[in-house]
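This is a predicted model, so every value here is computed, not measured. We name chains A, B, ... by the order of the sequence lines, and we start the count at 1 in each one.
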Number of protein chains: 2
Amino acid sequence: MPRNRRPQDREEKREEILAVAQRLFIDDGYESTSMGRIAKHAGVTVNTIYWYFRDKDDLLIAVLDRLLTEALAQYATIADRPLNERLLWAVDQLERLHGLVNTVHTRAAASPAVHAWHTGFHELAETLIADDLRKAGAAEADLPAMIAIGTFVIEGLLTHRRDEAGKRAVIDLLVHRLTTTPTRT
Amino acid sequence: MPRNRRPQDREEKREEILAVAQRLFIDDGYESTSMGRIAKHAGVTVNTIYWYFRDKDDLLIAVLDRLLTEALAQYATIADRPLNERLLWAVDQLERLHGLVNTVHTRAAASPAVHAWHTGFHELAETLIADDLRKAGAAEADLPAMIAIGTFVIEGLLTHRRDEAGKRAVIDLLVHRLTTTPTRT
DNA sequence: ACCTGAACACCGTTCAAGT
DNA sequence: ACCTGAACACCGTTCAAGT
């Protein structure tokens, strides 16, 4: 059974470790997943992981990039739907990653690399939300605060789960209140 | 130098360990603070800590209760100020605890005791916010979604720091949009 | 270039023993 | 009741050595 030569092999093996790490990080959590268990599931020794990744945080970042790429590709599929539908869809998709959201926040305090990833992610998310709010006719002066509120509510929905009706109520109210002009009562 | 007898002593020592743990958890983070370092700073052996607290999560919960009690006492001081001022004040006060906010979310996944504390805390926070929104004349049907949005935005402000003007802009916009009736543009 | 066995320093927690 | 010294099982990471 002949195997491919070098550069091909390398990517394959890296991908295999990455796939194992992703599954364990999502299912069991980053903290509960030891390098030893990842190695065992991938059929290698711990040291081998360190040949492909600098450390456990580097492995985390690789997993996050993998998930982000996948999520963006799927997001392109529904880019034409109304804002609230898209937000609900995003929350539904990302909900299973709620453990990783916390992990990123926690590790960002200790790892500069994770911190940088977190910053980059927020910049990306804010760009996407800003586009939407502008199209909905939001006042330019209110944009930064609106973006923050939008981001925080989505993050909150990911980390504090509720049922489908609850999620929809929060998102619909949010979108309604942010995209209509208020009048004094 | 005669010391007090038993029950007094016990509380004192427990408090001392607690005070040390609180300072280290806040300054260096929960993960970076080992039981060994807490013991050293408190002038005892690690095992002694386990005489007063079940485990590290139990110590965390005791610290959280200590901080919550203190925060509620201070909050009573400004209970008559307008909603947005009170929210800004709360964020300013709790900002230094942003590491613990993440810690609670992370540990809640692994420790049922921390999970229970987190649930209780949210119930308390939601009660406070609900009172305010009712007084501001919010429609009863919108309350749950509004409470969620308010909670998530406060939590977001604690974990994603910005300058004083940024915080004020987010809170003012939030309060304005939640406490006025929207009309179609 | 790639992988391993064995070690290192550290972690939270426990136990048997002391007073 | 309170506290300790010593150990336990585990952790992320590294090193010297192999191919």
Ring geometry between A/His118 and A/His122 (parallel below 30°, tilted from 30 to 60°, perpendicular above 60°): perpendicular
Atom pair distance, as rounded to whole Å: CD in B/Glu11 and P in D/dA1: 16 Å
Sugar-phosphate only, base, or nothing, as touched by A/Thr33 at under 4.0 Å among non-hydrogen atoms: sugar-phosphate
Any A/Thr48 side-chain nitrogen or oxygen under 4.0 Å from OP1 or OP2 of C/dC2: no
Sidechain N-carboxylate O distance under 4.0 Å for A/Lys13, A/Glu16: no
Protein-nucleotide distance (B/Leu60, atom CG; C/dG12, atom C1'), rounded to Å: 14 Å
B/Leu68 CG to B/Leu97 CG distance, which is reported to the nearest 0.5 Å: 10.5 Å
B/His105 versus A/His160, closest heavy-atom pair with distance: NE2-NE2, 3.3 Å
Minimum-distance nucleotide to B/Ser34 side chain [options: C/dC3, D/dC3, C/dC11]: C/dC11
Paired stretches of DNA chain D - 3 or more consecutive Watson-Crick or G-U pairs, each distance under 3.5 Å: C:4-8 with D:12-16, C:12-16 with D:4-8
Contact pattern, 5' to 3', of nucleotides 13-19 of chain C - B, S or - by protein heavy atom under 4.0 Å: BBB----
For the student: nearest non-hydrogen atoms of B/Ser32 and B/Arg37, plus distance: O-NH1, 3.4 Å
Between P of D/dC2 and NZ of B/Lys13, the distance in whole Å: 10 Å
Test item: A/Phe152 and B/Leu174 side chains (from C-beta on) under 4.5 Å apart, heavy atoms: no
Sugar-phosphate only, base, or nothing, as touched by B/Tyr52 at under 4.0 Å among non-hydrogen atoms: sugar-phosphate
Check: B/Leu24 main-chain N/O paired with B/Thr33 side-chain donor or acceptor under 3.5 Å: yes
Atom-pair distance (CZ on A/Phe53; C1' on C/dC2), nearest Å: 15 Å
Whole-Å distance separating the CD atom of B/Glu16 from the C1' atom of D/dC2: 15 Å
Rounded distance in Å - CD (B/Glu31) to P (C/dC10): 17 Å
Atom pair distance, as rounded to whole Å: CZ in B/Arg37 and C1' in C/dA9: 16 Å
Short side-chain N/O contact to C/dC3 OP1/OP2 from A/Trp51, under 4.0 Å: no
Heavy-atom pair of closest approach, residues B/Tyr52 and B/Arg10: CE2-NH1, 3.4 Å
Euclidean distance, atom CZ of residue A/Arg107 to atom P of D/dG12 [Å, nearest integer]: 10 Å
Under-4.0 Å salt bridge between B/Lys56 and B/Glu31: no
Distance test, side-chain N/O of B/Thr45 to OP1/OP2 of D/dT4, below 4.0 Å: yes
Residue-phosphate contact under 4.0 Å: A/Arg10 side-chain N/O, C/dA1 OP1/OP2: no
Polar contact flag, side-chain donor to acceptor under 3.5 angstrom, B/Asp58-B/Tyr50: no
